[in-house]
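A short worksheet on the structure shown next.
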Amino acid sequence: MSSIKIECVLRENCRCGESPVWEEAANSLLFVDIPAKKVCRWDSLSKSVQHMTVDAPISSVALRQGRGYVATIGTKFCALNWENQSAVALATVDKDKKNNRFNDGKVDPAGRYFAGTMAEETAPAVLERHQGSLYSLFPDGHVEKYFDQVDISNGLDWSLDHKIFYYIDSLSYSVDAFDYDLQTGKISNRRSVYKLEKEEQIPDGMCIDTEGKLWVACYNGGRVIRLDPETGKRLQTVKLPVDKTTSCCFGGKDYSEMYVTCARDGMDPESLLKQPEAGGIFKITGLGVKGIPPYPYAG
């Protein structure tokens, strides 16, 4: 395991960096800084970063078939046009909950954009509980709600055969699985496949590798962990030099690099001195596994 290398490739000082997505066509990493209300695009070749600012917290971003991106901004699913820096609402959720916002989101293999909501935090991971729900924006533009009573809707991904949907509600300290019907987008039979241990702290963003194993970023745990969802066992722990690791994705030319986002909100000056790269983007190489390309929203 000594070949694993961890480097901070971008010292962005994100207040809460999230939702890393590899855009193969541009050799770039997309990610958001939620409270700063901005989406960022880091070019891995030129090492330059571009920003686009929106009018509400932006919690996830995804590729869109054809061109452009989609994102969750406030309680809206939006289309993003990078060229003219505009965001156009496609649908709005949780209209009865003025204090809510979207959190993590990801596109399924059929091109549906899944994303869940939560109450706005008063401090990191401190919020009114059971206010969130899980939604999906279908390619035809309609939205379906799956369930409510969610605390912090977070990491999500699908098994390689597309028959299982994996999902994290952070304050349950569990990685859950549902049976998944790719044709209809229906989910059923919720169960826990992994319960986090105390030192792993809070499960946040998640991605899958080509062996069907899950990688989960552990907020306040300063690590990503690799899980086998079939046995419920942790296979690997990779520790980072920052505590508030938030999400992860695979990227690079053959999807053998892992990119990890993190946060600095809620850290005191002493912690920031010890962790000067907090809020940066990290690249992990030498894991010996690859990921799969992200799916684009089909609408």
Side-chain angles (χ1 to χ4, degrees), residues 12-20 31-37 56-60 72-75 94 97-106 115-135 147-157 166-176 192 194-207 214-225 227 234 237 239-248 260-272 274-275 277-282:
E12 183 65 18
N13 289 343
C14 288
R15 290 179 56 193
C16 184
E18 262 285 5
S19 184
F31 61 96
V32 301
D33 184 348
I34 300 178
K37 304 177 183 176
I58 178 166
S59 59
S60 74
T72 48
I73 303 174
T75 52
D94 285 5
K97 293 185 172 164
K98 295 291 175 237
N99 192 40
N100 273 21
R101 67 162 173 83
F102 267 119
N103 200 40
D104 208 354
K106 190 171 281 184
T117 58
M118 60 185 278
E120 194 63 79
E121 295 164 301
T122 52
V126 179
L127 71 165
E128 189 181 349
R129 298 190 62 172
H130 312 308
Q131 296 303 300
S133 301
L134 180 70
Y135 295 96
F147 49 81
D148 52 20
Q149 299 293 308
V150 174
D151 288 324
I152 300 177
S153 190
N154 233 320
L156 51 180
D157 217 329
Y166 297 109
Y167 176 72
I168 291 169
D169 179 354
S170 288
L171 297 188
S172 72
Y173 297 90
S174 172
V175 180
D176 290 353
S192 174
Y194 184 80
K195 282 280 188 192
L196 274 83
E197 293 172 18
K198 195 165 194 239
E199 74 274 7
E200 292 168 345
Q201 295 281 347
I202 303 172
D204 203 325
M206 169 169 62
C207 67
L214 299 173
W215 292 83
V216 179
C218 300
Y219 184 83
N220 285 342
R223 66 193 71 188
V224 290
I225 54 175
L227 314 174
R234 182 180 69 234
T237 298
K239 293 193 175 174
L240 285 92
V242 290
D243 285 341
K244 295 183 179 292
T245 37
T246 55
S247 193
C248 52
V260 180
T261 52
C262 63
R264 57 193 285 129
D265 264 15
M267 292 177 67
D268 58 36
E270 190 185 352
S271 302
L272 287 169
K274 287 182 187 155
Q275 299 177 31
E277 296 167 331
I281 303 295
F282 288 83

Roughly how far, to the nearest 0.5 Å, is OG1 of Thr245 from OH of Tyr219? 9.5 Å
side-chain contact (heavy atoms from CB on, under 4.5 Å) for Trp215 and Cys207? Distances and angles first, verdict last. CA-CA 5 Å; Trp215 292 83; Cys207 67; 4.0 Å; yes
CG on Leu171 to CD1 on Ile152, rounded to 0.5 Å: 4.0 Å
Between Thr122 and Leu127, is any pair of side-chain heavy atoms under 4.5 Å apart? no
Residues two or more places apart in sequence or in another chain: which of them pass side chain to side chain donor-acceptor pair (under 3.5 Å) with Asp104? none
To the closest 0.5 Å, what do you measure between CD1 (Ile225) and CZ (Arg223)? 8.0 Å
To the nearest 0.5 Å, atom SG of Cys14 lies from atom CD1 of Ile281 at 5.0 Å
Look only at the side chain of Lys106 and the backbone of Leu156, and say whether a donor-acceptor pair between them is shorter than 3.5 Å. yes
What residues form a side chain to side chain contact (heavy atoms under 4.5 Å, CB included) with Glu197, not counting sequence neighbours? Tyr194, Glu199, Glu200, Arg234
All heavy atoms of Arg264 vs all of Ala278, minimum pair found to be NH1-O, 3.0 Å
Residues in side chain to side chain donor-acceptor pair (under 3.5 Å) with Tyr166, at least two apart? none
Any side-chain heavy atom of Glu12 sitting closer than 4.5 Å to one from Phe31? yes
Got a sec, which residues hit salt bridge (charged side-chain N to carboxylate O under 4.0 Å, His left out) with Asp243, two or more places apart in sequence or on another chain? none
Before giving the answer on side-chain contact (heavy atoms from CB on, under 4.5 Å), spell out for Val224 and Val260 the whole-Å C-alpha distance, their side-chain angles and the decisive distance to 0.1 Å. CA-CA 8 Å; Val224 290; Val260 180; 4.2 Å; yes
Min side-chain heavy-atom separation Pro241-Glu277 under 4.5 Å: yes
Go through the side-chain N and O atoms of Ser174 and Ser192 and say whether any donor and acceptor fall under 3.5 Å apart. yes
Go through the structure and list residues passing side chain to side chain donor-acceptor pair (under 3.5 Å) with Ser170, not counting sequence neighbours. Asn154
Would you call Val242 and Lys244 a side-chain contact if the rule is heavy atoms closer than 4.5 Å? no
Atom pair CG (Leu272) and CG (Asn13), whose distance is rounded to the nearest 0.5 Å: 8.5 Å
List the residues meeting salt bridge (charged side-chain N to carboxylate O under 4.0 Å, His left out) with Lys274, not counting sequence neighbours, and say none if there are none. Glu270
Residue list, salt bridge (charged side-chain N to carboxylate O under 4.0 Å, His left out) with Asp151, at least two apart or on another chain: Arg129
Please tell me whether Ser172 and Asp169 have a donor and an acceptor in their side chains that are separated by less than 3.5 angstrom. no
Taking side chain to side chain contact (heavy atoms under 4.5 Å, CB included) as the test, write out the residues that go with Asn99, two or more places apart. Ala119, Glu120
Under the rule for side chain to side chain contact (heavy atoms under 4.5 Å, CB included), what residues qualify as partners of Ala115, not counting sequence neighbours? Thr72, Phe77, Phe102
Could you go step by step and tell me if Gln131 and Met118 meet the side-chain contact (heavy atoms from CB on, under 4.5 Å) rule? CA-CA 6 Å; Gln131 296 303 300; Met118 60 185 278; over 6 Å; no
Close side-chain approach of Ser59 to Arg101, heavy-atom, < 4.5 Å: yes
Residue set satisfying salt bridge (charged side-chain N to carboxylate O under 4.0 Å, His left out) with Arg15, at least two apart, ordered chain then number -> Asp265
Is there a donor-acceptor pair closer than 3.5 Å between any side-chain N or O of Asn103 and the backbone N or O of Ser153? yes
Mind checking what makes side chain to side chain contact (heavy atoms under 4.5 Å, CB included) contact with Ser133, not counting sequence neighbours? Asp94, Thr117, Tyr135, Lys145, Asp148
Do Pro20 and Ser247 have side-chain heavy atoms sitting under 4.5 Å apart? yes
Rounded to the nearest 0.5 Å, what separates atom CD in Gln149 from atom CG in Leu134? 13.5 Å
Under the side-chain contact (heavy atoms from CB on, under 4.5 Å) criterion, do Asp204 and Cys218 qualify, and how do the steps go? CA-CA 6 Å; Asp204 203 325; Cys218 300; over 6 Å; no
With a 3.5 Å distance limit and no angle check, can you tell me whether Thr246 reaches the backbone of Thr261 through a side-chain donor-acceptor pair? yes
Flag if over 12 foreign heavy atoms under 6.0 Å of NZ, Lys195: yes
Mind listing the closest non-hydrogen atom pair of Gly280 and Cys262 along with its distance? O-SG, 3.3 Å
List for me each residue that meets side chain to side chain donor-acceptor pair (under 3.5 Å) alongside Thr75, sequence neighbours excluded, and say none if there are none. none
